[in-house]
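Note that ligands are numbered from 1 as they come in the structure, with each ligand's atoms numbered from 1 the same way.
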Amino acid sequence: MRGQMMDDALTITSIMDFADRVFPNTEIVSVTADNPRHRSNFAEAFARSRKLANALTKLGLQAGDRLATLAWNDYRHFELYYGISCSGYVCHTINPRLFPEQITYIANHAEDQWVFVDVAFVPLLEQVQDQLETVKGFVVLTSAEHMPKTTLKNVHCYETLIADQPDTFAWPELDENSACALCYTSGTTGNPKGVLYSHRSTVLHCMGTNQSSSLSLSASDSVMPVVPMFHVNAWGVVYNAAATGAKLVFPGPKMGDGETLASLVNEEQVDFAMGVPTVWLALVNYLKESGTRVDSLQRVIVGGAACPESLMRAMDEFDVAMQVGWGMTEMSPLGTYNTLLPWMNDLPDDEKMVYRLKAGRLIYGVKMRIVDEEGNELPWDGKASGRLQVRGPWVCKSYYKLEDSDAHLPDGWFDTGDVATIDKYGYMAITDRTKDVIKSGGEWISSIDVENAAMGHEDVQEAAVIGVPHPKWTERPLLVVVKRPGTDPSKEELLGFLEGKIAKWWIPEDCVFVEQIPHTATGKVSKKDLRAEFSSYTY
Ligand code: AMP
């Protein structure tokens, strides 16, 4: 017997319509390149999304077309999120910190039709525009008076493009399983891979992560996403805020600037903020140096990388509760969230800290398990450590245009590439990584690409790159080299050799020479053994 309830589609349009009707006056405050404090609200932003939708229909697009953004967190990017996805196109957020070859690869692989770009990234696109195979034109996210001189072909100014459009638009009825957004991740081996979210997965993620042991946002909150909107939809908060009426405070290009973050918190009474450890370190350093306080700030989610204990303790001194979240681009992104069970609050400080630093408990909607190398499930005893696998309606089934590859899905579970323990209370803790990548300041560095570049030097017999702890960036690459017999290159020479071959921020700070690099039985470099060998090395 089938249930008899309505089959209303779970679409981003439903989130937008809800916020427009129920929370029209909820504020959106943004720092942009042309305005240090732009103020608008949901009603205004959605009216502008409708103008944008009208403008998009004139560009001759097909349903499902990918429209790329290269932009910081601000109100225009917010309008693009809704205007593009609710029109039936796919909002493809590109990470502008990638180097030009990667951006070209990603835009071509996605077959992007148009690119919406912040003024700051116009020079980057000018460099690569001739290699963009499917892009028909560019829209610069600014007003006519701030429009830069540019060699970009077929270029529009965003404000001019939408200015004369009507602010009414009949949004199409969308299939909830249709694609709404695309985000490439470099957190896997090989070329960046596209994760294609659906309207349904996005709405379910929004509902799931708004539960009370997770983000639990409400209309009383003022939320500052310091996690970029080009990184998994700013962890989904752009939708969560609209679904709950929470005020949004966007730091624009000032994400890493402790002073701006502190001012925004104090001016806009921000009580909840989200970001990777590196940005919270910048905030804490500024607070300490300047003697500033951020009294409205109650909670901060720290995710994307492990939270150092020293950072959590430093935030405690400012009465800001750091809550660890774990997830990944392939999971929309949230899978676990750390809030303490009531009895844990009475534990002595050091014991409590052990739980607080873990990645947290599952959010209802996601399932997880840890398995050994043969795929046998391991116990939740806090000791057994194994490959962490997940499944759920907001976990990716396959990568975009790699539908035939199910390597990540042994018997229907997605292999995260993380290694973890899970204790008897359900708290998961990441202990290692099987994927050969390094996370620095919240963004991925491919060890393999750095190794290949280093191997190009004639005096290098073998090169391996591992991540080692770094006080500011959480992790930085270390280059380990076996010299070719009879040669004696210096580390300065080898590091200098990498310049221009990989992104500048991918170049390791240090290079160490060894007699040999450990290998596995199958002859591959054993990163596990190499990391163990350099376990006491820190930057
Ligand atoms: P991304 O897809 O770029 O969001 O990166 C996801 C990956 O970041 C995960 O698979 C982990 O390796 C790492 N990560 C995310 N959150 C945490 C956390 N709380 N602790 C440790 N590693 C994390």
>> Against the six-membered ring of Trp444, is Lys439 placed for a cation-pi contact (under 6.0 Å from the centre, within 45° of the normal)?
In response: yes
> How far is atom 21 (C) of ligand 1 from its nearest protein heavy atom, and which residue and atom is that?
Replying inline: Ala306 N, 3.3 Å
> Can you list the ligand 1 atoms lying under 4.0 Å from a non-hydrogen atom of Arg433?
Replying inline: 12 (O)
> Out of Leu357, Leu388, Asp418, whose heavy atom sits nearest atom 10 (O) of ligand 1?
Replying inline: Asp418
>> Give the atom numbers and elements of ligand 1 that come within less than 4.0 Å of a heavy atom of Val324.
In response: 19 (N)
>> Looking at non-hydrogen atoms alone, which of Ala420, Gly325, Cys183 comes nearest to atom 19 (N) of ligand 1?
In response: Gly325
> Hey, are Arg299 and Asp271 close enough for a salt bridge, meaning a charged N less than 4.0 Å from a carboxylate O?
Replying inline: no
> What protein heavy atom sits nearest atom 4 (O) of ligand 1, and how far off is it?
Replying inline: His231 NE2, 3.4 Å
>> Please report whether the ring centroid of Phe230 lies less than 6.0 Å from that of His77.
In response: no
>> Given Gly303, Ala359, Ala305, identify the one with the heavy atom nearest to atom 18 (C) of ligand 1.
In response: Ala305
>> Out of Gly304, Ala429, Gly360, who is nearest to atom 14 (N) of ligand 1 when you count heavy atoms only?
In response: Gly304
>> Please report the interatomic distance CE(Met322) to CG(Leu357), rounded to the nearest 0.5 Å.
In response: 10.5 Å
>> Are Trp394 and Tyr197, when compared by the centres of their aromatic rings, separated by less than 6.0 Å?
In response: no
> Which residue supplies the protein heavy atom nearest to atom 7 (C) of ligand 1, what is that atom called, and how far is it?
Replying inline: Trp444 CZ2, 3.4 Å
> Arg356 and salt bridge (Lys or Arg N to Asp or Glu O under 4.0 Å): which partner among Asp350, Asp316, Asp349?
Replying inline: Asp316
> Among protein heavy atoms, which lies nearest atom 5 (O) of ligand 1, and at what distance?
Replying inline: Lys439 NZ, 2.8 Å
> Are the ring centres of Trp343 and Tyr425 closer than 6.0 Å?
Replying inline: yes
> Looking only at protein heavy atoms, which one is nearest to atom 2 (O) of ligand 1, and how far off is it?
Replying inline: Thr329 OG1, 2.6 Å
>> Can you confirm whether or not the ring centre of Phe99 sits under 6.0 Å from the ring centre of Trp505?
In response: no
> Which ligand 1 atoms are under 4.0 Å away from a heavy-atom of Gly327?
Replying inline: 6 (C), 7 (C), 9 (C), 15 (C)
> Which atoms of ligand 1 have any heavy atom of Lys435 under 4.0 Å away?
Replying inline: 9 (C), 10 (O), 12 (O)
>> Do the side chains of Glu309 and Arg313 get close enough for a salt bridge, i.e. N-O under 4.0 angstrom?
In response: yes
